[in-house]
Amino acid sequence: MDASNLKQITPWLWEFPTAGNMRVPARIYGDRALVAAMDDAVIRQLANVAALPGIVRAALAMPDAHSGFGFPIGGVAAFDPDQDGVICMGGVGYDIACGVRVLHTGLRREEIQPHLEALMDQFQLLVPAGVGGTGGIQLKAGELDRVLVQGARWAVKQGYGTREDLERLEDGGAMSGAVPETVSDQARKREKRQLGTLGAGNHYLEIQCVEEVLHPSAGLLGVASDDVLISVHCGSRGLGHQIGTDYIRILGEAARRHRIPIPEKELVCAPIRSSEAERYYQAMACGANYAMANRQMIVHLIREAFQRVLPGVQVRTLFEVNHNTCRREDHPVEGRSRPLYVHRKGATRAFGPESPQIQEPFRRTGQPILVGGSMGTDSYILAGRESSEDAFASTCHGSGRALSRSQALKRTPGRDVLTQLTSRGILIRTNHLKGLAEEAPAAYKDIHQVVEASTQAGLTNKFARLSPLGCLKG
DNA sequence: ATGTTC
């Protein structure tokens, strides 16, 4: 992207001014190099989003943004129900409430090292992974509806976790507003035996070590140097994908009736107060609850693996954050708190300390966020700040793709990626070499640069830098 | 991301 077409607001924030049918400007967070490296489609898609009814302040892109289906990945947009604002499928994406759970093993680097191979083997054995992957639990008749409403709380009630896990999940593990009747038979059919499965693509389960503590309050999150953590990155599987697919048609018809122009298929939307948008929100909340239950089931499998290899180890939840959602949240608009519908696609919430909109354990630090690097690179723990409110309390979610999947496939064969990572001492487990090539480190932006831009822009503070020890890829 | 182009 040619940054000379953009107005520099700060060295970490750029603006594409309102033009044509845009109602608000488009703004991109990132340093000059990150913005210059973004594909032009990011601006085109942000301009499309900026033209939607009821959009507030600006259409935003985080420093890890790249083009997505209809709406950039790394995109944020908020809509006001009193200004004919809309709910937009593309602002959530297909993998509803994809997110990251972060666990603490209670172990230090030297304690885990002799058991790493055995642990990775057990993870591979116990956690089903891959496209179309089943092997998750078979739900009894009627049970799925309870999962869709209760989310991770359902899993804990079944004995797959603890109350302490739930205290550290968004909404205590159950997003409100879920109505199972809005989820199609087709979506239910695709769900069969996928609860407790990792999925494919950039989804992973990684053992990580705290390399560097970067904030004096890191201890409040329970993180210290050389601690061994686990990150689980996955989402709502076939069920969430089918909900997205189903509502493209429903929201598309609504958009036509309300005469909202839809330049790209997945940008379909409907007025927040229409029955179609209400139903989409209810179905999306079901997808979010499925994703949170899914991660909770995987946490249970991780604990099972530890029981086999290192019995007695207590694996605790540190936090979880979703990065593909639309949520009703209160935000100040022109000095007054307003209920807005905030879409974050490949972007996470980043409320600062004291915010009533985050779980109680995080009120002193701000919302904790795991920003995943690509496979084999560092990750960061960040926490939200009050100044993130400029971006509707949002920040980046990962390092962000620099190459498309097909470009990455051409660049490096999967076997070479495996060799490179192994030679750096990272244990890789996968059943799918092609997937490894698509997710090669070279296919991603530089995580350090993305995190630095987010920090300099005032969206988040750095709390810790993590390095990978072992990775199970979907 | 995804019953890997319904």
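Keep in mind the model is a prediction, meaning the values are calculated, not measured.
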For [X] and [N], what is the distance between atoms [atom1] and [atom2] respectively, to the nearest whole Å?
X	N	atom1	atom2	answer
Met89(A)	dT2(B)	CE	C1'	11 Å
Gln186(A)	dT2(B)	CD	P	16 Å
Ile248(A)	dT5(B)	CD1	P	15 Å
Gln194(A)	dT2(B)	CD	P	8 Å
Phe69(A)	dT2(B)	CZ	C1'	9 Å
Arg237(A)	dT4(B)	CZ	P	12 Å
Lys189(A)	dC6(B)	NZ	C1'	12 Å
Glu266(A)	dT2(B)	CD	P	15 Å

Reckon [X] touches a base, only the sugar-phosphate, or nothing at all at heavy-atom distances under 4.0 Å?
X	value
Gly235(A)	nothing
Glu191(A)	nothing
Arg249(A)	nothing
Gly244(A)	nothing

> If you find the nucleotide of DNA chain B closest to His203(A) and the one closest to His432(A), which residue's nucleotide is nearer the 5' end?
Replying inline: His203(A)
> Is any side-chain N of the basic residue among Arg44(A) and Asp39(A) closer than 4.0 Å to the acidic one's carboxylate O?
Replying inline: no
>> Between Arg327(A) and Asp171(A), does any NZ, NE, NH1 or NH2 come within less than 4.0 Å of an OD or OE carboxylate oxygen?
In response: yes
>> Just to verify, what does Asp185(A) make a side chain to side chain contact (heavy atoms under 4.5 Å, CB included) with, not counting sequence neighbours?
In response: Arg188(A)
Sequence neighbours left out, cut at 3.5 Å: what donor-acceptor pairs do the side chains of residues 406-413 of chain A make with other protein atoms?
from, atom 1, to, atom 2, distance (Å)
Ser406(A), OG, Ser404(A), OG, 3.2
Gln407(A), OE1, Ser404(A), N, 2.8
Gln407(A), OE1, Ser404(A), OG, 3.3

